[in-house]
Amino acid sequence: MFIPHTDEQKKDMLATIGVARFDDLIGALPANLVRPRLNLPGSMSEMELVRHMEELASRDHLAQSYLGAGAYEHFVPTAVWALALRGEFATAYTPYQAEASQGTLQSIFEFQSLVCELFKMDVANASMYDGASAAAEACLVAAKHTGRNEILVPETVHPQTLRVIQTYLAHSGARVTSVPCPNGVLEPAFLQKSLGPDTAALLIQTPNFFGCLETHVKELSDLIHGAGGLLIAATYPVALGLVAPPGEYGADIAVAEGQSLGLPLAYGGPYLGLFACKEGLLRKMPGRVVGQTLDADGKRAFVLTLQAREQHIRREKATSNICTNQALCALAATIYLSLVGKNGFKELAALNFQKAHYAAGALAQRGFPLVFPHPFFNEFVVRCPVSAERIVKRLSEKRVLAGLPLAAHFPKRAEELLVCVTEIKTKADIDQFGDLLAEAAR
Amino acid sequence: MNGEKVVEPLSFEKSAPGRKGLPWPVCDVPFVPVEKQIPANLLRKEPAKLPELSEPQVVRHFTRLSHLNFSIDTNFYPLGSCTMKHNPKVNDRIVQIPDFAGLHPLRPHELSQGILEILYEVERWLSEICGMDAFTLQPSAGAQGELTGILVARAYHEHRGEKRPVVLIPDSAHGTNPASVALAGLTAVTVKSTADGQVDLDDLLKKLTKDVALVMMTIPSTLGLFEPRIQDIAKKIHDAGALLYMDGANLNALVGLVRPGDLGVDVLHVNLHKTFATPHGGGGPGAGPVGVKKALEPFLPVPRVALENGVYRRKFDRATTIGRVHGFQGNVGVLIRAYAYMRLQGAEGLREISENAILAANYLKAKLTPLFPKMPAGACMHEVVVSGEGAFGPGVRTLDVAKRLLDYGYYAPTIYFPLIVPESLMIEPTENETKETLDAFVETLRTIVSESKATPDLVKTAPHSTPVRRLDEVKAAREPRLRYRPQL
């Protein structure tokens with residue numbers, strides 16, 4: 001159905017080539033292996049496919065979700081994907097021919113500008129695969145820049161991000177040292193004990209895996225800089241409508257999972273790695289960068305630049321192996337941020353804050369008190385009267401996702417549940433959720 | 001392209017204080033004062049300077065930007081090694097089904113049976129198509145797939161108590177190959193190619209010592225050729241205790257025709273955004289699943305999808321895994337599109353695609369032979385590489401011809417790659433282009449070759465019809481301006 005040649009045309013084409021039959025073209029293939037029998041299902045019509053996919057999707061239908069932990073349910077304005085999925089964007093290639101790719105190039109330039117504004121950093125790249133790979137590559141940059149090999153990662157960083165960092169660092173000579181955080185945030189005293197002459201960087205995440213804002217960001221920043229290391233800050237972009245951006249407390253590299261900026265949850269991807277840094281690290285920054293320049297007539301134009309850092313020129317000496325990134329997701333985030341705008345972004349953060357704080361109060365009243373005394377944005381840990389996994393199981397029978405039981409990553413925290421409340425929840429939703437939790441605990 | 005010649009201002013330049021594109025609902029819960037909950041030093045001092053636009057402004061801005069792009073939906077895009085094929089429109093509809101779009105990645109498996117079935121089947125079908133025993137769907141792109149495959153191979157050797165620090169890579173390989181090798185902490189050693197673009201077997205055998213962990217080959221090669229001695233090469237690699245890695249960038253030539261695993265390939269990555277028709281998105285998201293033979297399976301990233309007693313689960317328990325390469329499960333939206341594409345085609349449809357891709361490339365090769373005197377004889381696979389050396393008028397280079405093609409409404413082929421062919425143009429028509437389009441493309445190249453002789457300056461200053469003309473790339477690199485700043 002996607003092949004246009006008629007039988008007559010195929011014959012003509014073979015005649016032009018000068019062969020009698022198609023198989024004369026594939027004589028180099030081992031004859032005994034050609035055209036194996038493949039055990040695959042037969043083809044479907046488009047109509048059958050749509051019905052089949054809708055049936056598969058309906059099996060996972062859900063009533064409500066309070067699950068966050070690195071992926072967040074936010075409202076996605078209709079215009080975002082109506083524009084991003086225009087064929088001229090979606091079916092274009094990497095913008096190698098700048099004259100025929102100004103749409104993609106300018107949108108990436110706007111994306112880089114928006115990321116710098118959000119983070120209050122100097123420069124940003126055209127995106128990474130996801131927040132976790134952005135964090136991993138940030139650690140590699142820090143090790144290379146400082147010539148040191150230890151990356152300090154507190155327990156408050158998302159455990160799955162840590163796992164990706166470990167994979168990326170496995171053979172780099174750099175290693176990860178975990179810093180304990182028994183109180184739910186990184187205490188400067190604990191950092192102090194871990195600092196050494198080989199410390200390349202401290203990676204913090206705020207709001208952290210427990211939803212808490214890291215309360216000592218400025219002290220942590222001063223401590224790591226005092227020890228000659230870099231500060232890498234991982235953050236949650238929507239929170240930046242309210243909380244201090246990495247640039248305000250001295251981060252050298254800022255990274256984030258950008259999914260919350262207009263991307264669907266989609267079972268984990270495609271997501272969007274945001275990466276920004278200080279000017280001084282520009283030439284060590286991984287990934288593509290778009291720059292502004294002039295064309296032959298003196299008009300403003302955009303082009304992929306600083307490619308001397310990249311794999312297709314420097315090959316094994318490149319700053320990283322990333323080339324294809326998440327350009328379409330970056331475009332969606334650009335459209336999203338352009339639509340929400342300066343004040344709308346502040347309002348969005350305020351809505352998240354208000355709803356989550358109301359929810360924390362409503363849950364506490366029903367016997368699910370907050371575990372940590374620290375400030376939070378839209379996600380928080382509650383103590384359950386019974387095992388959190390049991391609560392989650394009971395609610396999933398009603399097709400409600402209650403949150404993430406922390407026991408999956410912290411076995412000693414069996415009664416603790418990580419709950420997220422975003423702008424999409426109404427007061428009635430939250431009250432009903434509280435009642436469901438109370439009922440499940442009985 | 002709608003023939004737009006006007007440069008579009010930046011969104012920031014259209015902003016006006018107080019304008020809004022999206023209203024949020026009124027807050028319906030009792031108000032909690034922020035400053036009572038969050039100390040002042042943790043609050044943002046100044047709001048981020050996002051543009052302030054109305055929805056119609058945003059719609060017009062991005063629609064107009066879209067008009068400045070060539071794409072597979074608007075133009076023939078013969079970009080070699082990139083497989084710019086048609087992206088079925090039904091896929092856009094499928095990924096937007098709310099019960100797919102709204103799937104949280106940490107859902108319990110009881111509430112993920114539909115999506116887990118899809119992922120399980122994608123793994124199984126890719127294994128069947130490639131002749132491999134297992135696949136991981138986690139890598140987000142071909143380059144991340146390469147890194148994953150190399151890490152898996154490294155773990156396999158180390159698990160057997162062998163230290164093999166070297167990876168052999170032909171000089172015609174994609175630049176990501178050596179970059180991925182370096183990231184995996186191994187050393188890339190280059191193997192020469194012969195004049196006809198095949199790997200130099202003598203050089204390969206000389207370098208195939210017991211230090212070699214992997215040989216990375218692109219099959220068919222970046223010259224669009226199938227290596228007829230591949231099974232023999234694979235045997236020699238295995239005899240030396242090394243593994244054969246296949247860069248799957250050119251898989252569109254092989255699907256349904258021959259299975260890489262049957263040729264002796266031990267590890268490969270598949271660029272789903274190429275062969276399995278998921279849109280390239282202007283540079284991602286793609287997906288780069290990695291397939292392996294049985295002996296390497298224990299080292300694949302976790303989680304993996306398993307089917308136990310009719311129930312799909314994500315399995316994390318694997319002591320020998322290399323870990324994770326993605327924060328969650330990978331680019332699932334892309335995997336859903338690939339699933340849908342495979343269902344639309346079935347086994348027979350997939351084979352017909354490869355056959356027609358090969359037919360189209362050879363047809364172009366036959367028609368282009370008179371224009372490019374250095375064209376090697378014989379059949380190619382799904383793409384054809386020609387050398388512009390000696391084909392154009394005085395001082396005209398392949399780059400100029402590529403730019404001139406833009407004037408005629410074609411995106412340019414890949415140029416100056418592979419590096420071993422001087423002034424190369426790598427043309428990949430895919431199975432989707434009509435004979436009429438292919439004929440017109442050849443006629444256009446013929447016209448440009450004539451122009452290059454009659455009016456070389458016309459070609460050297462191309463393009464002339466695009467929204468912007470040749471860019472000052474040196475200025476862009478020497479004075480990096482990488483973000484909008486007011487007053488600049």
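Reckoned from all heavy atoms, side chains included, excluding hydrogens, waters and symmetry mates. Numbers restart at 1 for each chain; the letters A, B, ... are given by sequence-line order, proteins then strands. In this text the structure is predicted, and so the values were computed from the model without any measurement.
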What residue in E348(B), Q96(B), K403(B), E55(B) has the most heavy-atom pairs under 4.5 Å with chain A?
->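 Maximum pair count with chain A is reached by K403(B).
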N69(B) side chain to T104(A) side chain, donor-acceptor N/O pair below 3.5 angstrom =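 Side chains of N69(B) and T104(A): pair found under 3.5 Å.
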Do D472(B) and T293(A) get their side chains close enough for a donor-acceptor pair, meaning under 3.5 Å?
->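 There is no such pair between these side chains.
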Heavy-atom proximity to chain B below 4.5 Å, by part of [X]:
| X | result |
| --- | --- |
| D130(A) | side chain |
| Q166(A) | neither |
| Y93(A) | both |
| K346(A) | side chain |
| L240(A) | both |
| V34(A) | both |
| A92(A) | both |
| A170(A) | neither |
| L242(A) | both |
| L83(A) | side chain |
| H5(A) | side chain |
| L351(A) | side chain |
| T324(A) | both |
| T215(A) | both |

Under 4.5 Å from any heavy atom of chain A - which part of [X]:
| X | result |
| --- | --- |
| H61(B) | side chain |
| Q231(B) | side chain |
| L225(B) | neither |

Fit a plane to each ring of F2(A) and H86(B), take the angle between them on a 0 to 90° scale, and name the class: parallel (under 30°), tilted (30 to 60°) or perpendicular (over 60°).
->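 Aromatic pair F2(A)/H86(B) classed tilted.
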Cationic N near anionic O, under 4.0 Å, R469(B) to D297(A) = yes
Decide, yes or no, whether a salt bridge links E347(A) with K20(B) under the criterion of side-chain N to carboxylate O below 4.0 Å.
->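 Salt bridge between E347(A) and K20(B), a charged N being under 4.0 Å from a carboxylate O: yes.
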After noting the C-alpha distance and the side-chain angles of L56(A) and I97(B), does the key distance pass the side chain to side chain contact (heavy atoms under 4.5 Å, CB included) rule?
-> CA-CA 10 Å; L56(A) 281 169; I97(B) 295 173; over 6 Å; no
Side chains of M53(A) and R93(B): closer than 4.5 Å at any heavy-atom pair?
->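 They are not in side-chain contact.
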Listed partners of H52(A) passing side-chain hydrogen bond (donor to acceptor under 3.5 Å, both in side chains), at least two apart =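 Listed in chain order: Y339(B), R343(B).
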List the steps and the verdict of side chain to side chain contact (heavy atoms under 4.5 Å, CB included) for L106(B) and Q160(A).
-> CA-CA 11 Å; L106(B) 298 175; Q160(A) 293 180 187; 3.7 Å; yes
